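In what follows, a single structure is set out as C-alpha cells and then discussed.
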Amino acid sequence: MSRLEFYSTSGSQAVVESLYRDLEHRIVASPPGLCPVDLAASFLKLCHAQTCGKCVPCRVGLRQLELLMNDVLNGNATMETLAEIERTAQVISDSADCAIGYEAASMVLKGIRGFRDDYESHVKTGRCLCNLDQPVPCVAQCPAGVDIPGYIALVGAGKYADAVRLIRKDNPFPGACGLVCEHPCESRCRRNMIEGAVNIRGLKRYAVDHAGIVPPPACAEATGKTVAVVGGGPSGLSAAFYLSLMGHQVTVYESRKQLGGMLRYGIPSYRLPRQELQKDIDAILATGVKVELGVTIGKDISLAELHRKYDAIYISIGAHTDKKVGIEGEDSRGVMSAVEMLRAIGDGTMPDFTGKRVAVIGGGNVAMDCTRSAIRLGAETVSVVYRRRQQDMTALAEEVEGAMAEGAELLTMMAPLRIEADSEDNAVALWVQPQRVGAIDKAGRPRPENADQPPVRVEADVIIVAIGQSIELKAFQEYGVPIHRGTIAALSSGGIENNQGIFAGGDCVTGPATVIKAIAAGKVAAANIDEYLGYSHTITVDVKIPKAYLGERPSCGRSELPMEKAYERKGNFQCIECGFTEEVAKQEAQRCLRCDHFGFGVFKGGRKKKW
C-alpha cells in the first residue's frame, strides 16, 4: 500500500466549488430592500451547513438559533424570543471552537442589535419595516434615481439623444458622470449573478459622445420667484437647473473664477476634459440661470443680504479647505495640499515639478489624482505614502492600478512621522514609520499600528498632503445656520430648522462625497424649494423606451473601456479613457436584463416617469 496518495478534485467537489462561485455572485448582486431578518436567517442556515459537528455550541447551538429565527419569521415569536436569540448567540460566540461557530453567532448578534426594529416589527405585525420602493437594483443604488435600464435600452436602439434627455431628467451632468461617476449602480446589477455587471458608466459615455448637442427642455411659465444658489459645483448647478426648468429665476454665486466646483477644481482634465464639463454647464445655463463669479459669502455679500433679496436660498458649497497631517515640518517650503495643487491646475496654472521627487500622503481618489498629475507635470519620481495596505485604499482600484502603470511607487504600511527640511526651510525628505496590521475596525479594515522597526527616510522635494478636505462655514454659522461636526445640520429634505427659506445640500451637509451624491442632493433641494415657494411642478421627459427583448440572453462577458497606453498618456493631460465602439456598445447594452420589465419591477411600472 502506498504511503501517500495524490487526490484530484472529484466531480462532485468541482460542482460544489462552482456552486460557491454562484453563491458569491448572488450575494454581490443582492438587491436593496430585502428583509434583513430573512437574510440573516438564510446566512445562518448556510453557516450551520458548514459546521464539522465537533463542538456543541456550533453543532447544536446554531440549529437552535435557526429555529428561533424561524419563529420570528413565521410569526410565532414574542419579545422574550428576541432576548433568547441574543443570549444564545452570545453564548455561541463566547464558546464555539472555531470561526464557523463564533462568527455565525456574531453575525446574528450584529443583526439583532443593528436592526432590532425589524425584529420587533416581525413579532408585533408579522412583517419587517423594509420598503421596496424602487425594485430595479441599479436605479435603487443610484443616488439620483436615474432611469438606467431606460437609457441603456435607448443606447441599444441607437437613440442617443433620447438617452441623454432621459438621463437629464434626474441628472444634468450626463457628460461628466459618463467619465467620472463612481457607478454605485453597477454594484447590485443582476448581471453580476451571471458574468459581471453591465458597464453602465461606459454606456452613458457612449450616449453622450454620439448624441451631439442636446438642448435642455423648455422651462415652465415664469413664477416670479427668485432663488439664490451659493456654490457653483455639481449640487448647486443641479438645483439651479431644475429650479429654472420649474420657472423660477435662479442666480448662482460662485467664489472661484469658473463654475464646476470640485468637478473643475478637484478632478484633473485627463479624467474629465474641460470641454466635456463645459458642455454640461452650458446646457444648464441655457435654461436662463444667472451667474455671479468671484463672490464669497461673508466677504463680498452676507447671507442676511441674500435672505432679504431672494425668496429662497440653497447652500451647496464644496469642501475646498485642506486638512493638515499635524506633523513636524509641515509648514516647510515645498509642502502643499491636494486642494491647493488641484485648484491651480483647475485654473490653468500648472505647477512645475520637472526633475522633482514628489511624495503624496494619502490613499483616496484625490491622492491618486495628485499622483498622476505630478507624473504629468514632469516629476522624476512620485511615491504614494499610505499607512494601510493597498487593498484598504479608498481610491478606486482602477485609479491605483493606473497610477502604478504610469510609474508611481506605492509605499504602503507607512505612516508620516515628520518632514525634514534643509537650512533654507526647503523640504528634502519625508520620514515615515513602518506599520503592522492590527485589529479590524468598524469599517472592516485592519487598523495600522506602529511596527517595531526604525523610521524610513523618503527623499522628496515636493510633499503633497491628500488626506481629506473640510468646509469653511464661518459666515453661515454667524447667521445662525446650525453646524454639527464641521457640516451644516440640514434635514433629509434639505431644509434647515429655524431658518425658513434656507436649504443646504451636497458636501457642506454630508462632508466630501461623490459627484452623483451631490447631484442627488441638488435634485432633492430643487423639489422641496419648489414646494416651499408654493408650487408643485413636475420634471418629466417625453421619451419612448424600447420594449424589452423577450428572447434568450446568451452568456457574454463584461466589456471594459479601453485606455490610452501608459507610456503615451502620462506625458499629457489628454483624456486617458477611450469610449466604446458601436459594436461593443450595442453588445454591452444587450447584456442588460431589463429588470424594469421582468420580475417585480413591472408591477410598479418599472420606472418613475416624473418627480
Side-chain angles (χ1 to χ4, degrees), residues 172-173 225-244 248-266 281 284-285 287-321 343 469-484 486-491 493-513 515 517-530 532-533:
F173 285 94
K225 299 293 184 179
T226 58
V227 181
V229 173
V230 181
S235 186
L237 290 176
S238 295
F241 176 72
Y242 293 120
L243 286 166
S244 188
H248 309 305
Q249 181 57 62
V250 185
T251 303
V252 176
Y253 289 86
E254 169 57 45
S255 63
R256 304 298 303 169
K257 299 175 185 178
Q258 301 179 76
L259 293 172
M262 293 306 286
L263 286 172
R264 185 181 299 275
Y265 295 105
I281 293 174
I284 292 169
L285 299 183
T287 62
V289 174
K290 296 180 180 179
V291 178
E292 295 284 344
L293 296 173
V295 178
T296 301
I297 306 303
K299 178 183 176 183
D300 302 304
I301 190 172
S302 68
L303 189 61
E305 188 176 345
L306 284 181
H307 208 179
R308 289 193 298 270
K309 187 176 179 181
Y310 293 91
D311 297 307
I313 298 172
Y314 179 53
I315 303 169
S316 59
I317 60 173
H320 295 275
T321 304
R343 182 182 294 162
Q469 303 88 43
S470 56
I471 304 138
E472 181 54 58
L473 296 169
K474 184 179 179 183
F476 304 98
Q477 190 172 21
E478 289 176 349
Y479 186 71
V481 174
I483 308 299
H484 178 66
T487 58
I488 294 175
L491 304 172
S493 64
I496 301 173
E497 288 185 344
N498 303 319
N499 284 269
Q500 193 174 17
I502 300 180
F503 296 75
D507 286 0
C508 64
V509 172
T510 63
V515 174
K517 285 184 178 179
I519 291 168
K523 173 185 170 182
V524 168
N528 292 311
I529 289 172
D530 184 59
Y532 167 76
L533 295 174

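For reference, positions follow the sequence shown, starting with 1. Please read all numbers here as calculations on a predicted model, not as lab measurements. Note: hydrogens, waters and symmetry copies are ignored here, and every other heavy atom, side chains too, is used.
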query = Which is it for Leu243 and Val289 under the side chain to side chain contact (heavy atoms under 4.5 Å, CB included) test, yes or no, and what are the steps along the way?
reply = CA-CA 9 Å; Leu243 286 166; Val289 174; over 6 Å; no
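- Looking at Asp311 and Tyr532, their side chains never come closer than 4.5 Å, going by heavy atoms from C-beta outward.
- Contact annotation: the side chain of Tyr265 approaches that of Lys257 to within less than 4.5 Å [non-hydrogen atoms, C-beta and beyond].
- Note that SG of Cys508 and CD of Glu472 are 12.5 Å apart. Values are rounded to the nearest 0.5 Å.
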key: Test log, rule side chain to side chain contact (heavy atoms under 4.5 Å, CB included), inputs Arg256 and Arg343   = CA-CA 10 Å; Arg256 304 298 303 169; Arg343 182 182 294 162; 3.2 Å; yes
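- Looking at every heavy atom in both residues, Leu237 comes nearest to Gly232 through CD1-O, 3.4 Å.
- Side-chain contact of Thr287 with Ser244: a donor-acceptor pair under 3.5 Å is present, judged by distance alone.
- Rounded to the nearest 0.5 Å, atoms CG (Asn528) and OG (Ser493) are 5.0 Å apart.
- Considering all non-hydrogen atoms of both residues, Glu292 and Thr251 come closest at CG-CG2, 3.9 Å.
- Minimum heavy-atom separation, Leu473 to Gly486: CD1-O, 3.3 Å.
- The CG atom of Leu259 sits 9.0 Å away from the CD1 atom of Ile284 when rounded to the nearest 0.5 Å.
- Between Leu491 and Glu497 the shortest side-chain heavy-atom distance falls below 4.5 Å.
- The heavy-atom pair separating Pro234 from Gly260 by the smallest distance is CD-O, 3.7 Å.
- The two residues Ile496 and Pro482 have their closest heavy-atom pair at CG2-CD, 3.4 Å.
- A donor-acceptor pair is defined here as one N or O able to donate and one able to accept, closer than 3.5 Å; no such pair exists between the side chain of Asp507 and the backbone of Ile471.
- Lys290 places a side-chain heavy atom less than 4.5 Å from the side chain of Gln249.
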request  = Could you check Thr510 against Thr487 for side chain to side chain contact (heavy atoms under 4.5 Å, CB included), going step by step and ending with a plain yes or no?
outcome  = CA-CA 7 Å; Thr510 63; Thr487 58; over 6 Å; no
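- Of the inter-residue distances, the one linking Leu303 atom CG with Ile297 atom CD1 reads 7.0 Å to the nearest 0.5 angstrom.
- Side-chain atoms of Ser316 come within 3.5 Å of backbone atoms of Val230 as a donor-acceptor pair (strictly under, hydrogens ignored).
- Using modelled atom types, one finds a donor on one side chain and an acceptor on the other under 3.5 Å when comparing Tyr314 with Ser235.
- Looking only at distances, a side-chain donor or acceptor of His307 sits under 3.5 Å from a matching main-chain atom of Gln500.
- Residues Val509 and Ile488 meet the side-chain proximity criterion, which asks for heavy atoms closer than 4.5 Å.
- Atom CZ of Phe476 sits about 9.0 Å away from atom CD1 of Ile313, to the nearest 0.5 Å.
- Formation of a donor-acceptor pair under 3.5 Å by the Ser302 side chain with backbone atoms of Glu305 is found in this model.
- Proximity of a side-chain donor or acceptor of Asp530 to a complementary backbone N or O of Ala526 within less than 3.5 Å is not detected.
- Gly294 and Asp300 get closest at one heavy-atom pair: O-OD2, 3.5 Å.
- Using modelled atom types, no side-chain atom of Arg264 and backbone atom of Gly233 make a donor-acceptor pair closer than 3.5 Å.
- In this structure, Leu285 and Phe241 have side chains that are not in contact, with every pair of non-hydrogen atoms separated by 4.5 Å or more.
- Interatomic distance, OH of Tyr253 versus CG of Leu306, reported as 5.5 Å (0.5 Å rounding).
- You'll find the side chain of Ile519 reaches within 4.5 Å of the side chain of Phe173, heavy atoms only.
- Residues Gln469 and Pro512 form a side-chain contact, since some pair of their non-hydrogen atoms from C-beta on lies under 4.5 Å apart.
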